[in-house]
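Structure first, commentary second.
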Amino acid sequence: LWAFATLELQPEDALVSGLTARALEVLGGFNPQGIGNMLWAMAKLGRQTEDALLVGFTLRLLDFKGVFTPQEIANMLWAFATLGRQPEDVLVVALT
């Protein structure tokens with residue numbers, strides 16, 4: 001998705017759905033940069049993100065509390081704001 005967003009190309013809905021489903025299957029393999037990149041891409045593409053994915057990403061990010069780079073924090077907060085979503089309080093605490 002990052003490549004589509006960077007090139008300002010809209011992927012087919014089926015591709016976005018498939019990638020979202022796969023992301024949920026492999027949440028444990030995501031690091032903060034990967035999560036930030038996917039959230040940034042979804043926001044940049046104007047795609048609403050499924051609640052299950054946001055919850056999964058939030059829980060995964062708690063594993064990395066205290067190790068986020070300023071860029072990762074900025075990308076994630078920008079993505080949440082652009083998507084019109086409020087990050088969970090526990091995530092805001094973990095990011096700081």
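Predicted model, so just to flag it, every value in this text is computed and none were measured. One-based numbering along the sequence shown.
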Looking only at heavy atoms, which two atoms of [X] and [Y] are closest? And how far apart?
| X | Y | result |
| --- | --- | --- |
| L9 | L45 | O-CD2, 3.3 Å |
| A5 | A41 | CB-CA, 3.8 Å |
| G56 | L27 | CA-CD1, 3.5 Å |
| A43 | L83 | CA-CD2, 3.8 Å |

At what distance, to the nearest 0.5 angstrom, does [atom1] of [X] lie from [atom2] of [Y]?
| X | Y | atom1 | atom2 | result |
| --- | --- | --- | --- | --- |
| T20 | Q48 | OG1 | CD | 11.5 Å |
| M76 | M38 | CE | CE | 13.5 Å |
| L91 | L77 | CG | CG | 7.5 Å |
| E88 | L59 | CD | CG | 9.0 Å |
| L19 | R47 | CG | CZ | 10.5 Å |
| L61 | I35 | CG | CD1 | 4.0 Å |

Side-chain heavy atoms of [X] within contact of [Y], under 4.5 Å:
| X | Y | result |
| --- | --- | --- |
| L24 | E50 | yes |
| Q71 | Q33 | no |
| N75 | L39 | no |

Report yes or no: does [X] contribute a side-chain atom to a donor-acceptor pair with the main-chain N or O of [Y] at less than 3.5 Å?
| X | Y | result |
| --- | --- | --- |
| E72 | T69 | yes |
| R60 | F30 | yes |
| R85 | T49 | yes |

Any link between [X] and [Y] through a network of hydrophobic side chains (Ile, Leu, Val, Met, Phe, Trp, Tyr) touching at under 4.5 Å?
| X | Y | answer |
| --- | --- | --- |
| V26 | L1 | yes |
| F4 | W2 | no |
| M42 | L15 | yes |

Above 12 or not: heavy atoms from other molecules or residues under 6.0 Å from [atom1] of [X]?
| X | atom1 | answer |
| --- | --- | --- |
| Q10 | CD | yes |
| E25 | CD | yes |
| W78 | CH2 | yes |

Criterion side chain to side chain contact (heavy atoms under 4.5 Å, CB included) on T6 and W40, from CA distance to verdict: CA-CA 10 Å; T6 299; W40 176 87; 3.9 Å; yes
